[in-house]
Participant: 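Please see the structure below; I have some questions.
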Amino acid sequence: MAKDKEREFRLRPRKPPARNERAAWASAYKILRHHTRMSGSWKRRSVGLGTGPKRTRSYNQRCAVRVMYAKNTTAGQWRAHGRYVAREKRHSRG
């Protein structure tokens, strides 16, 4: 009796999550950049190692420097820092 009164229903798959076009381009760009870096670094390494007839070195280097500014609040802090640097330099030499 209960089976006769059941309503018929239909199962449908869920809709995929909506992705905006900007996010799609960003992820594609990341993947492309990753592959470009990986392929380019291999070529540069083989040239730098001297596998060919000419040994060439690449001097294209990058350097990142972090700079922090602080107020000169404590009297004699630069003198103390200079002593510390001098001591470190002495220990690194020998």
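Every heavy atom of this structure was used, including side-chain atoms; hydrogens, water molecules and symmetry mates were not. The residues of the chain are indexed from 1 along the displayed sequence. Because the structure is predicted, anything quoted here is derived from the model rather than measured.
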Participant: Is there a side-chain contact between R79 and R83, using heavy atoms and a 4.5 Å cut-off?
Facilitator: yes

Participant: By side-chain contact (heavy atoms from CB on, under 4.5 Å), which residues pair with R12, not counting sequence neighbours?
Facilitator: R10

Participant: Let me confirm one number: the OG-NE2 distance from S39 to H34, rounded to the nearest 0.5 Å.
Facilitator: 10.0 Å

Participant: With rounding to the nearest 0.5 angstrom, report the CE to CZ distance, M38 to R33.
Facilitator: 11.0 Å

Participant: To the nearest 0.5 Å, tell me how far R87 CZ sits from R90 CZ.
Facilitator: 8.0 Å

Participant: Shared ILVMFWY cluster between Y69 and V65, side chains joined below 4.5 angstrom?
Facilitator: yes

